[in-house]
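Let me begin by handing over the structure; questions about it come next.
What's counted below: heavy atoms across the whole structure, side chains too, no hydrogens, waters or symmetry copies. None of these values were measured; they are calculated from a predicted model.
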Amino acid sequence: MGNWGGMAVARATVAELREFAAGAGCADVDGDADLGGGWSAVYYPDQPEGAAAALARRTGAPVLTVAYLDSDVGFVEGATFAGGRWKALLNRNTAGDYEIPVDRFPVEAALAGALDWADAAGLTADPDGIRSALTGSEAFAEDLTARLLGALGMDWAVLGEESA
């Protein structure tokens, strides 16, 4: 059975991000990870629309969220405290199986937004790596999330090491 939940990544402690996520409507946080460098991730079963922007307002820092559709597709949203926002779709080829209109998620706009987001976060991004994650295909959208976070400049190796 695939993942139907969501995740948020932000520059905050795990405890802070858990609290902020709950306050932003991401109820029932059921896992977390310390990504190092001041970054943390939390995992939850349901993600409300606009969670990234709500979390960016609460943390005062850039936030990235991903909502999963049965681990087949990932809906990415990035937001900064200053109001910058971008959206992307992971596993575009599989999205067609769900009749998701991929044209609503242009790759070039997502790439530009991701690069701006990484700059606001003080990260050194890899544009080719970001493009590869945004256009790539994997059995699990979570694998593309890890690739995207790595290309944004985060240590993505610990993403799968979530704790309850």
Exercise. Among all residues two or more places apart in sequence or in another chain, which pass the side-chain hydrogen bond (donor to acceptor under 3.5 Å, both in side chains) test with Thr13?
Worked result: Glu16
Problem set entry | Hydrophobic cluster membership, Tyr43 vs Leu149, 4.5 Å side-chain cutoff | yes
Problem set entry | For Glu99, all residues meeting side-chain hydrogen bond (donor to acceptor under 3.5 Å, both in side chains), sequence neighbours excluded | none
Problem set entry | Atom CG of Asp28: over 12 foreign heavy atoms under 6.0 Å | no
Exercise. Below 4.0 angstrom, N of the basic side chain to O of the carboxylate: do Glu19 and Arg58 qualify?
Worked result: no
Exercise. Is there a chain of hydrophobic side chains (I, L, V, M, F, W, Y, each step under 4.5 Å between heavy atoms) that links Val42 to Leu148?
Worked result: no
For this session: Answer yes or no: is there a side-chain heavy-atom contact under 4.5 Å between Arg11 and Pro62?
Result: no
Exercise. Could you walk me through whether Val76 and Thr145 pass the side-chain contact (heavy atoms from CB on, under 4.5 Å) check?
Worked result: CA-CA 9 Å; Val76 178; Thr145 300; 5.7 Å; no
For this session: Treat each ILVMFWY residue as a node, draw an edge where side-chain heavy atoms are under 4.5 Å apart, and state whether Met154 and Leu144 are in one component.
Result: yes
All N/O donor-acceptor pairs, side-chain side in residues 81-96, below 3.5 Å, sequence neighbours left out:
{"from": "Arg85", "atom 1": "NE", "to": "Glu77", "atom 2": "OE2", "distance (Å)": "3.3"}
{"from": "Arg85", "atom 1": "NH2", "to": "Glu77", "atom 2": "OE2", "distance (Å)": "2.4"}
{"from": "Lys87", "atom 1": "NZ", "to": "Glu49", "atom 2": "OE2", "distance (Å)": "3.3"}
{"from": "Asn91", "atom 1": "OD1", "to": "Glu138", "atom 2": "N", "distance (Å)": "2.9"}
{"from": "Asn91", "atom 1": "ND2", "to": "Asp72", "atom 2": "O", "distance (Å)": "2.8"}
{"from": "Asn91", "atom 1": "ND2", "to": "Glu138", "atom 2": "O", "distance (Å)": "2.8"}
{"from": "Arg92", "atom 1": "NH1", "to": "Phe105", "atom 2": "O", "distance (Å)": "2.7"}
{"from": "Arg92", "atom 1": "NH2", "to": "Val102", "atom 2": "O", "distance (Å)": "3.2"}
{"from": "Arg92", "atom 1": "NH2", "to": "Phe105", "atom 2": "O", "distance (Å)": "3.3"}

Ignoring hydrogens and angles, write down the donor-acceptor pairs under 3.5 Å from the side chains of residues 115-123, residues two or more places apart or on other chains.
{"from": "Trp117", "atom 1": "NE1", "to": "Val63", "atom 2": "O", "distance (Å)": "3.1"}
{"from": "Trp117", "atom 1": "NE1", "to": "Ala79", "atom 2": "O", "distance (Å)": "3.3"}

Exercise. Do Val29 and Tyr68 share a hydrophobic cluster, counting only Ile, Leu, Val, Met, Phe, Trp and Tyr and linking them when any side-chain heavy atoms are less than 4.5 Å apart?
Worked result: no
Exercise. Can you name the residues that form a salt bridge (charged side-chain N to carboxylate O under 4.0 Å, His left out) with Arg57, not counting sequence neighbours?
Worked result: none
For this session: For Ser40 and Leu17, work out which heavy atoms get closest and say how close.
Result: O-CD2, 3.4 Å
Problem set entry | Ser132: partners by side-chain hydrogen bond (donor to acceptor under 3.5 Å, both in side chains), with sequence neighbours left out | Arg147
Exercise. Can any side-chain N or O of Thr65 pair as donor or acceptor with the backbone N or O of Met7 at less than 3.5 Å?
Worked result: no
Problem set entry | Residue pair Val9 / Val66, side-chain heavy-atom distance below 4.5 Å | no
Problem set entry | Single-linkage hydrophobic cluster Phe75~Tyr44, side-chain heavy atoms < 4.5 angstrom | no
Exercise. Given side chains that start at C-beta, do those of Asp128 and Ile130 come closer than 4.5 Å, heavy atoms only?
Worked result: no
Exercise. Does any non-hydrogen side-chain atom of Asp97 lie less than 4.5 Å from one of Val73?
Worked result: no
